[in-house]
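Worth knowing before you read on, the calculation uses all heavy atoms, side chains too, and leaves out hydrogens, waters and symmetry mates. This is a predicted model, so every value here is computed, not measured.
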Amino acid sequence: MKKVLVVDDEEKLIEVVEAYLKKEGYIVFCAKDGEEALEQFHQRNPDMILLDLMLPKISGEEVCQMIRRESRVPIIMLTAKIEEEEKIYGLNIGADDYLTKPFSPRELMARVASLFRRCGDDVSPLFHVMSWNQGELEVNFDSHEVKKRGEVVNLTPNEWKLFVSMAKYPKKTFTREELIEISFGMEFDGYDRTIDSHIKNLRAKIEENSGKPKYIITVRGMGYKFGGE
């Protein structure tokens with residue numbers, strides 16, 4: 001099931017769009033200002049973002065630019081601005097599509113479905129290889145490989161999902177519930193403490209000393225974060 005983040009400061013519009021998206025089978029998250037949009041983006045890892053340009057706190061344009069620095073997630077801009085230059089500007093800063101208010105919810109659903117078809121099932125990240133501590137640990141997103149000191153580390157599918165979810169957002173603290181949702185999605189049927197077992201196994205494979213981890217770090221009373229540099 002695809003996850004869609006809807007960002008708009010009009011509560012009624014959010015309610016309508018959310019209802020239509022859920023009817024089409026999407027998982028929906030909502031935000032009412034730019035700051036909340038960025039928080040939801042990092043917490044929820046959405047497959048698509050419907051983004052209003054005129055937002056409180058941080059503008060939609062700024063939100064789009066900040067997201068584009070780290071992700072190719074599809075973005076449809078929603079705005080009352082009708083000038084051609086505004087549309088061109090929105091597309092130039094990273095939007096994939098543009099819909100002017102007021103719009104038909106049915107047209108929006110058609111555009112969402114069309115953009116998902118164009119992007120495919122797996123949106124590639126802006127980065128293909130990341131490394132930490134002068135290459136001690138490295139991940140290749142294209143080949144789905146993690147290397148420790150040049151040697152390939154054999155991760156299970158669940159360990160790979162968990163590692164990638166955290167590595168993309170270093171220093172960010174994830175709760176167990178967030179890691180379950182981001183890494184495993186709706187199909188996960190275990191307990192939240194199951195994450196602890198995956199973390200233990202992951203540490204044993206990538207850490208020099210799993211008793212004193214420097215990559216997968218416990219944040220006491222909250223969860224875990226990635227600490228690579």
Side-chain angles (χ1 to χ4, degrees), residues 1-68 70-83 86-87 89-91 93-123 161 165 168-169 172 174-189 192:
M1 296 178 69
K2 299 290 187 181
K3 296 180 289 185
V4 180
L5 172 59
V6 181
V7 186
D8 202 291
D9 60 345
E10 298 181 41
E11 188 170 343
K12 289 185 178 179
L13 185 144
I14 286 182
E15 290 176 357
V16 171
V17 172
E18 182 180 14
Y20 271 81
L21 286 168
K22 287 183 175 179
K23 184 178 180 181
E24 294 296 322
Y26 300 110
I27 300 170
V28 184
F29 305 104
C30 303
K32 296 180 181 178
D33 61 58
E35 286 185 0
E36 187 180 5
L38 292 173
E39 290 175 3
Q40 292 277 37
F41 166 70
H42 288 110
Q43 291 177 6
R44 306 299 186 178
N45 194 27
D47 300 297
M48 183 177 292
I49 301 175
L50 309 183
L51 179 63
D52 181 27
L53 289 188
M54 301 173 69
L55 294 172
K57 298 184 179 181
I58 303 176
S59 72
E61 289 97 334
E62 291 177 282
V63 170
C64 182
Q65 289 173 311
M66 294 170 76
I67 289 175
R68 276 291 172 263
E70 56 186 283
S71 173
R72 284 197 179 99
V73 60
I75 298 175
I76 298 178
M77 284 191 166
L78 311 175
T79 180
K81 298 179 179 180
I82 61 174
E83 293 80 5
E86 294 288 349
K87 295 180 181 180
Y89 175 70
L91 294 171
I93 63 174
D96 298 280
D97 201 353
Y98 203 109
L99 197 55
T100 303
K101 298 178 181 179
F103 53 80
S104 161
R106 291 179 61 191
E107 180 183 359
L108 177 59
M109 294 306 104
R111 287 179 182 245
V112 168
S114 175
L115 187 52
F116 271 134
R117 287 194 297 271
R118 279 158 40 199
C119 293
D121 293 330
D122 187 19
V123 180
K161 290 179 184 179
S165 297
K168 284 182 178 179
Y169 308 108
K172 171 179 169 53
F174 292 89
T175 66
R176 291 177 176 83
E177 292 78 10
E178 287 172 342
L179 288 174
I180 287 172
E181 186 171 345
I182 291 171
S183 303
F184 309 115
M186 300 295 288
E187 72 271 16
F188 185 80
D189 59 359
D192 60 355

Revision key, fill the gap. Residue pairs passing the side-chain hydrogen bond (donor to acceptor under 3.5 Å, both in side chains) test with at least one member in residues 27-40, sequence neighbours excluded, are Gln40-Arg44
Point to revise | Between CG on residue Asp8 and CG on residue Leu50, distance to nearest 0.5 Å | key: 9.5 Å
Revision key, fill the gap. So CD of Glu11 and CG of Leu13: to nearest 0.5 Å the spacing works out to 11.0 Å
Practice item. Just do the side chain to side chain contact (heavy atoms under 4.5 Å, CB included) check on Leu51 and Cys64 with the steps written out, would you? Key: CA-CA 8 Å; Leu51 179 63; Cys64 182; 3.9 Å; yes
Review point. Stepwise, does the side chain to side chain contact (heavy atoms under 4.5 Å, CB included) test hold for Asp52 with Val7?
Key: CA-CA 6 Å; Asp52 181 27; Val7 186; 5.7 Å; no
Check your understanding: Between Val16 and Pro105, which heavy-atom pair has the shortest distance, and what is it?
Key -> CG1-CG, 3.9 Å
Review point. At what distance, to the nearest 0.5 angstrom, does CE of Met77 lie from CG of Asp96?
Key: 9.5 Å
**Study point:** Close side-chain approach of Leu53 and Glu61, heavy atoms under 4.5 Å
**Key:** yes
Review point. Charged N to carboxylate O below 4.0 Å: is that the case for Asp9 and Lys57?
Key: no
Review point. How many angstroms lie between atom CD of Glu18 and atom SG of Cys30, to the nearest 0.5 angstrom?
Key: 4.0 Å
Point to revise | Sub-4.5 Å side-chain heavy-atom contact between Tyr26 and Lys3 | key: no
Review point. Measuring from Ile76:CD1 to Ile49:CD1, what's the distance to the nearest 0.5 Å?
Key: 11.0 Å
**Study point:** Nearest-0.5 Å distance that lies between atom CG in Leu5 and atom CD1 in Ile27
**Key:** 13.0 Å
Check your understanding: Mind checking what makes side chain to side chain contact (heavy atoms under 4.5 Å, CB included) contact with Leu38, not counting sequence neighbours?
Key -> Ile58, Val63, Met66, Ile67
Atom pairs and distances, side-chain donor-acceptor, residues 107-116, under 3.5 Å, sequence neighbours left out:
unit_1	atom_1	unit_2	atom_2	d
Glu107	OE2	Arg111	NE	3.0
Glu107	OE2	Arg111	NH2	2.9
Arg111	NH1	Asp97	OD1	2.8
Arg111	NH1	Asp97	OD2	3.2
Arg111	NH1	Tyr98	O	3.2

